**Student:** 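This is the structure I have questions about; it appears just below.
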Amino acid sequence: MTRTQFSILLGLILGYLVLQVHWQYEYPGWSETVNITGSLISFERSADMILLARAKDTSIDFFKALGWSHAHDRYVQLCIFRLASQGLLTKHLPYSENLFKQDIKSHQMNLLDSSLKSIPHISPRHLKQLNGYLDGINTYIETHPRPLEFILFNYRPELFTIADVLTIYKFIAYAGLNDICLIVEKLVLEVLRETDNSDLMKMSFSPHLDGLSDELIEVYKTIKDIRPIGDQETSHVPKLTNSNNWAVSGKLSESGSPLLGSDPHMDISKLPNIFYESHYIGEDGYNIFGISAAGAPGIVMGRSKQLAFSITFGMLDMSDYFVENIENMKYERDGRFYPLTERVISIAGKNCYFYETIEGHSIERSLESVQKPIDSGRYLAAKYALTVDADSKIVDTFFSPVMAKNIFEIKKTFSINSLGTNYVVADSDGNIAYQQGGNVPIRKTSNGLLPLPAWKSENLWQGYLPGEAYHSIINPPEGFVATANNHIQDPEKPVVATFSALSHRVNRINQLLQSKEKLSTEDFKIFQSDTHSLFAEQIVPIVAPHLGSSDIEKELREWDYVSHLDSKPAAFFKLLHQNLKRNVLLQFFTPERADKYIKYSAYPLYVILHKVLESNNSTLLPPAVLQKTVRDTLAQYKGEKYGELEKIDMNNMLFAGKLPSWLGLDRQNIPTSHCFQCVKVGNPRFSQFGAPIYISQAWRMVTDMGTNVVESILPGGPGGNILSNFYAREIDALIEGTYKKIEL
């Protein structure tokens, strides 16, 4: 293509986008009334660019309005989630090895098939609501042009179905959230079978490896064709890996009413934001504001006039690996063999072979081996908590808050869900509550962290825990509840989690909630921007004696442990922490293996590092490691301030920073004061495909149940259209802590 031809093409593209944006009237005050299968729903763009919908019958019209809003503001994202969840990315987008890996993962999970089987088990009420959501999406698709991105890729989206929506739900639940359980299991498995570090694993994940034996380790060494940890995840899926939420009762608030704060942490390196804000007002009195994900109807977190609710990921163990013994395409159970179910699917022109047992154990193989029939041998197989009624549970979880009036109407619904969550709830009657919820299997012979031989039927799942097995608190005497992905386990009940985040964040939140006699939403905003690091408080005294009389030593000794943008000690500590983590691992692993684990398994490695630091064991943490860490950091540090080191790139989810910056699709080199293990968390790491991602606050909300006001920040804004005037909004608001107000 010549320069002239390129210029003409680019001009046509930009002209089309401008006309498309103008046609959609994306400016404050725009309004339109849409007939969605007989329901007249009016839409209005607020001053903050949130799409406000008004309708008559909330029980159905809310879902029609949300479907139309998702399609209007997040058309591309909506369709990409569907393609990713069903393994169709390489069919409709330009081929890449990364997309091929993701399609393999999605077909192995086989979520679409389980969705089709679950439809008959969904209640008539929920089916009606799901169909209302589909009516909203499909009305928009049928009456509006395709986005430019899909014209360029020659992709024509089909109308959405109930199976599509259920599959997106489960993709978020199991590929986006509960896959962390499989990543931890695979890390443990790989370390046990390929290194001599069983004692390190036992210490780090105590007591959940107490059942480990030499015999089991020998079984692990016989497993063939293990897919590398680096191919474990999928990038086109929301990942709720960190989050905070808390509530205080009226006795701790200035207003005398409960307050609730929420800031879920997702990968914010992609535009648009994974979350979508919407506001609905019904003529029947319902009024709700909150966030959802495109393709997943219902409100995940938000506020009605009666109820405020928020989740963090509870790290509940709802997925397992098993070891399967395969002979001549049959799997073993107690000495007998049964035929595997085989699926042959063409992905990017390559025949790929997938195998399952009758229990739904999905054989996992390397990307090379999956392109040929399975050989005899021992393999890893993944099992997800996908029951025939799991879809109705997850649907109910997101639908019920829309119309609930108090915590008692909603708490039981939250106790059984397919996400594995910590719900914090407050209502206008003055109640606050915590409800743990999930779909954790009953295990007779383990807690779920060790892959067990599936040929022994006693090791298989024995059903699922009832709602009563999950921890619950109503109106605690201390007057507050808070969670931050920390370990929450009722000692009198079955084990539901074998792995959790470190406790520094929740401990800091508890400090803040007890720092004043009476609190307000203004205090909550300050708390959500808090960058005081208890993690740094723990590490600096251990390392400081080895700093000698360096220039940074005095500054570090006087540091307040807050990550200000202009802080030099915070910048030094960021580098120190990275070097300490690597040097600790180098005691146990080769440089290549240590770097691989840091890149692909960062989350469980923090648990290992923390256990080593807590051990006070000079064998695990000898002075030489601390001295090398100091030397490495002093050589690396060039006097930078924290804001010069901690930066965020936010790139368009489809083009991933590959297009010229002047097109305006991306926002790069954004300085931020987010920090690791702070309330205002910031966790830069790499995806399984080597692409940088940044886990941080994807949404902030504070509200006082004594008012009808919600305040929030959504970095990236509501729009997915790259030239709309609200694409990439509120990024500065996140950095500066500037909230917008929504009146219910």
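Throughout, numbering of the chain's residues begins at 1 and tracks the sequence. In this text the structure is predicted, and so the values were computed from the model without any measurement.
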**Student:** Could Arg443 and Asp317 be called an ion pair, given the rule that one side-chain N must be under 4.0 Å from one carboxylate O?
**Tutor:**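 Answer for the salt bridge query: yes.
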
**Student:** Donor-acceptor pair, distance only, cut-off 3.5 Å: does the side chain of Asn417 make one with the backbone of Leu419?
**Tutor:**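 Side chain of Asn417 to backbone of Leu419, a donor-acceptor pair under 3.5 Å: yes, one is there.
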
**Student:** Please step through side-chain contact (heavy atoms from CB on, under 4.5 Å) for the pair His674 and Thr531, ending with a clear verdict.
**Tutor:** CA-CA 7 Å; His674 296 77; Thr531 60; over 6 Å; no

**Student:** So do Phe573 and Ser567 actually touch side chain to side chain, heavy atoms under 4.5 Å?
**Tutor:** no

**Student:** Show the numbers, then the answer: is there a side-chain contact (heavy atoms from CB on, under 4.5 Å) between Thr483 and Tyr434?
**Tutor:** CA-CA 9 Å; Thr483 80; Tyr434 161 79; 3.7 Å; yes

**Student:** Tell me, please, whether Tyr739 has Lys525 positioned over its six-membered ring: NZ or CZ under 6.0 Å from the ring centre and within 45 degrees of its axis?
**Tutor:** yes

**Student:** Taking the side chain as every heavy atom from C-beta outward, state whether His564 and Ser673 have any pair of such atoms under 4.5 Å apart.
**Tutor:** no

**Student:** Taking the inter-plane angle between the rings of Trp246 and Phe527 on a 0 to 90° scale, is it parallel (under 30°), tilted (30 to 60°) or perpendicular (over 60°)?
**Tutor:** tilted

**Student:** Would you say Lys412 has more than 12 foreign heavy atoms packed within less than 6.0 Å of its NZ?
**Tutor:**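 No, the 6.0 Å shell around NZ holds no more than 12 heavy atoms from other groups.
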
**Student:** May I ask you to decide if the ring planes of Phe535 and His577 are parallel, tilted or perpendicular, using 30° and 60° as cut-offs?
**Tutor:** perpendicular

**Student:** Side chains of Asn244 and Arg505: donor-acceptor distance under 3.5 Å anywhere?
**Tutor:**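 Yes.
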
**Student:** For Ser319 and Lys383: C-alpha separation, side-chain torsions, deciding distance, then whether side-chain contact (heavy atoms from CB on, under 4.5 Å) applies.
**Tutor:** CA-CA 6 Å; Ser319 305; Lys383 169 67 174 173; over 6 Å; no

**Student:** May I ask you to decide if the ring planes of Tyr280 and Phe62 are parallel, tilted or perpendicular, using 30° and 60° as cut-offs?
**Tutor:** perpendicular

**Student:** May I ask you to test the Leu307-Ile407 pair for a side-chain heavy-atom distance under 4.5 Å?
**Tutor:** yes

**Student:** Counting neighbours of NZ on Lys128 that are heavy atoms of other residues, nucleotides or ligands and sit closer than 6.0 Å, is the number greater than 12?
**Tutor:** no

**Student:** Got Leu259 and Val702 here, is their nearest side-chain heavy-atom distance under 4.5 Å?
**Tutor:**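 The answer is no, as the side chains (C-beta and beyond) never meet within the 4.5 Å cut-off.
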
**Student:** Answer whether the closest heavy-atom distance between the side chains of Glu277 and Lys740 falls below 4.5 Å.
**Tutor:**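 Heavy-atom side-chain distance check passes, below 4.5 Å.
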
**Student:** So do Asn287 and Asn708 actually touch side chain to side chain, heavy atoms under 4.5 Å?
**Tutor:** no

**Student:** Under a 4.0 Å threshold between the charged nitrogen and the carboxylate oxygen, would Asp263 count as salt-bridged to Lys680?
**Tutor:** no

**Student:** Does any non-hydrogen side-chain atom of Leu620 lie less than 4.5 Å from one of Met203?
**Tutor:**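 Counting from C-beta outward, Met203 and Leu620 do come under 4.5 Å.
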
**Student:** With under 30° as parallel and over 60° as perpendicular, where do the rings of Tyr276 and His70 fit, or are they tilted in between?
**Tutor:**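 Answer is perpendicular, since the angle exceeds 60°.
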
**Student:** Give me the one residue out of Phe414, Phe313, Tyr470 that meets ring pair (Phe, Tyr, Trp, His ring centres under 6.0 Å) with Tyr423.
**Tutor:** Phe414

**Student:** If you define the side chain from C-beta out and look only at heavy atoms, does anything of Asp427 sit under 4.5 Å from Asp429?
**Tutor:**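 When only atoms from C-beta onward are counted, Asp429 and Asp427 do touch, with a gap below 4.5 Å.
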
**Student:** Side chains of Gln435 and Lys411 only: does a donor on one sit below 3.5 Å from an acceptor on the other?
**Tutor:**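 Yes, because at least one side-chain N or O of Gln435 sits under 3.5 Å from a partner of the opposite role on Lys411.
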
**Student:** Check whether the side chains of His532 and Asp560 place a donor and an acceptor atom closer than 3.5 Å, and report yes or no.
**Tutor:**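 Distance-only check fails for His532 and Asp560.
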
